[in-house]
Chemist: 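Mind having a look at this structure? Questions to follow.
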There are 2 protein chains.
Amino acid sequence: METVAENQNVRNAKKLEKMFGHIDFKHPPELCPVRDVMSVASDQWSILIILWLGYFPVLRFNKLKKYVYGISNKVLSQRLKVLEADGYISRKAYPEVPIRVEYRLTDFGQTYVEKLLELTEWMQTNSPKVLANREKYGLI
Amino acid sequence: METVAENQNVRNAKKLEKMFGHIDFKHPPELCPVRDVMSVASDQWSILIILWLGYFPVLRFNKLKKYVYGISNKVLSQRLKVLEADGYISRKAYPEVPIRVEYRLTDFGQTYVEKLLELTEWMQTNSPKVLANREKYGLI
DNA sequence: TTCATTTGGTTACTTTTTGTAACTTACTCT
DNA sequence: AGAGTAAGTTACAAAAAGTAACCAAATGAA
């Protein structure tokens, strides 16, 4: 791959290499764990599920469905499975009738929700700019 | 909506309210700018496009396509449009033949790429854990 | 002159992913 | 006997994404 130094001035290139050089989003997905892992963790439904489980330490399926407004049973169930497989959340089923299932963040999930919260705060702060821009763009 | 204090012990609830209370991911999408804006900005292709434009300050369509490995013309073109509409990137076309088009981050996009870089570093650090977990889960 | 090449897309068509809504299981309560 | 309940699953429809061919308009080569 061509380096940034070939396209930009050298001073800037050094800074960019320091910021980006060690991060591995630069490979095809099958060779790139970052892309692979991120595509699950930054999915829009995954984000909401994890945020809600950060807010309410324990949630059952139907509560999650209520809070993650708009999600379908099917997708919620799918996402919960992959989030569990990836280690963000845990699932505990109690063999009562009707069955009771509790979802919560793992310790690992807790570290992720902190990152997500930062991202979400950024979105909260900046969404007015984005909406204003979108509006303006629509008129052009 | 029910508050966290009704479900959890009060000490923890205060902390959670402080962290989450002011953030607005709790509404249906049509009422929730955060969900709306985030669904564009945290899309897997959007993330890669923005990261690459953080790394190479100027990129043309076909370079982007090469670097954002696996993206199709169609989706690249769509994403560039919405990212431009939302104010993250700018598009400048030079009426040469064949046409030359330059994409770069806006100042606003620059502030976002910094957030994304943090997220990406987290993914880089933690992807081994996720992959290991996934492996283990597969056996169960 | 005719033909291939170039960039930044678009278009038509196929495949995959999502959304919708009805259904299931197994036990309890009326 | 029939209704209700929690946590899903299933079949079918709709939307999104992937694929690959195509386009314009000029340049350079044959």
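Naming: A, B, ... by sequence-line order, numbering from 1 per chain. Computed over heavy atoms, backbone and side chain alike; hydrogens, waters and symmetry mates excluded.
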Chemist: Looking only at side-chain N and O atoms, does B:R79 come under 4.0 Å of OP1 or OP2 in D:dA16?
Modeler: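 No, B:R79 has no side-chain N/O under 4.0 Å of OP1/OP2 on D:dA16.
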
Chemist: How long is the line joining CD1 of B:I71 and P of D:dA20, in whole Å?
Modeler: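 Rounded to the whole Å, the gap is 16 Å.
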
Chemist: Report the nucleotide, chosen from C:dT18, D:dG8, D:dA6, that has the shortest atom-to-atom distance to any side-chain atom of A:Y103.
Modeler: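 Shortest atom-to-atom distance from the side chain points to D:dG8.
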
Chemist: Report the distance from atom CZ of B:R100 to atom P of C:dG8, rounded to the nearest whole Å.
Modeler: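 Roughly 9 Å, once rounded to whole Å.
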
Chemist: Using the side-chain heavy atoms of A:S77, tell me which of these nucleotides is nearest: D:dT9, C:dG19, C:dG9.
Modeler: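 The closest nucleotide is D:dT9.
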
Chemist: Would you mind reading off the distance between A:Y94 atom OH and D:dG8 atom C1', rounded to a whole angstrom?
Modeler: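 Rounded to whole Å, this separation is 18 Å.
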
Chemist: Out of D:dG8, C:dT18, C:dG9, which has the shortest distance to the side chain of A:Q78?
Modeler: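 That would be C:dT18.
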
Chemist: A:L80 CG to D:dG8 C1': how many Å, rounded?
Modeler: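 Going from A:L80 (CG) to D:dG8 (C1'), I get 10 Å.
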
Chemist: Does some side-chain heavy atom of B:S127 sit less than 4.5 Å from a side-chain heavy atom of A:D36?
Modeler: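 They are not in contact (no side-chain heavy atoms under 4.5 Å apart), so the answer is no.
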
Chemist: For D:dT9, does either OP1 or OP2 sit under 4.0 Å from a side-chain N or O belonging to A:K81?
Modeler: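 Yes, A:K81 has a side-chain N/O under 4.0 Å of OP1/OP2 on D:dT9.
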
Chemist: Give the rounded distance in Å between these two atoms: CG of B:L59 and P of C:dG9.
Modeler: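 In whole Å, C:dG9 P and B:L59 CG are 13 Å from each other.
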
Chemist: Any side-chain N or O of B:W45 under 4.0 Å from OP1/OP2 of D:dG18?
Modeler: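 Yes.
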
Chemist: Can you tell which of C:dT20, C:dA22, C:dG8 lies closest to the side chain of A:K74?
Modeler: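 Selected nucleotide (nearest to the side chain): C:dT20.
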
Chemist: Of the listed nucleotides (C:dG8, D:dG8, D:dA7), which one gets closest to any side-chain atom of A:N73?
Modeler: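 So the side chain of A:N73 is nearest to D:dG8.
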
Chemist: Atom CD of A:Q44 and atom C1' of C:dT18: how far apart are they, to the nearest Å?
Modeler: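 Going from A:Q44 (CD) to C:dT18 (C1'), I get 10 Å.
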
Chemist: Can you work out whether A:V97 or B:I99 has the more 5'-proximal nearest nucleotide on DNA chain C?
Modeler: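 First, find each residue's nearest nucleotide; the 5'-ward one identifies B:I99.
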
Chemist: Nearest-Å distance, NZ (A:K65) to P (D:dT5)?
Modeler: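 Spelled out: NZ on A:K65 to P on D:dT5 is 14 Å.
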
Chemist: Any chance the side chains of A:N62 and A:K65 put a donor and an acceptor closer than 3.5 Å?
Modeler: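 Distance-only check fails for A:N62 and A:K65.
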
Chemist: Nearest to the side chain of B:P98, heavy atoms from C-beta on, is which of C:dT18, D:dT9, C:dT7?
Modeler: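 For B:P98, the side-chain atoms sit closest to C:dT7.
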
Chemist: What nucleotide, of C:dG9, C:dT18, C:dT7, holds the atom closest to the side chain of B:R60?
Modeler: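 In terms of side-chain proximity for B:R60, the closest of C:dG9, C:dT18, C:dT7 is C:dT7.
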
Chemist: Using whole Å, what does the distance between atom P of nucleotide C:dT20 and atom CG of A:L76 come to?
Modeler: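 My rounded result for the distance is 14 Å.
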
Chemist: Choose from D:dG8, D:dG18, C:dT20 the nucleotide whose nearest atom is closest to any side-chain atom of A:S72.
Modeler: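 My answer, after comparing the listed nucleotides, is C:dT20.
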
Chemist: Evaluate salt bridge (Lys or Arg N to Asp or Glu O under 4.0 Å) for A:K115 paired with A:E118, printing each intermediate quantity in order.
Modeler: CA-CA 5 Å; A:K115 271 285 144 210; A:E118 288 174 31; 3.4 Å; yes

Chemist: Could you pull out the closest heavy-atom pair between B:Y88 and B:A41, with the gap in Å?
Modeler: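 Nearest heavy atoms, B:Y88 then B:A41: OH-CB, 3.5 Å.
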
Chemist: Are B:E84 and B:Y103 close enough that a side-chain donor and a side-chain acceptor fall under 3.5 Å?
Modeler: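 On atom types as modelled, these side chains do not qualify, holding no pair under 3.5 Å.
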
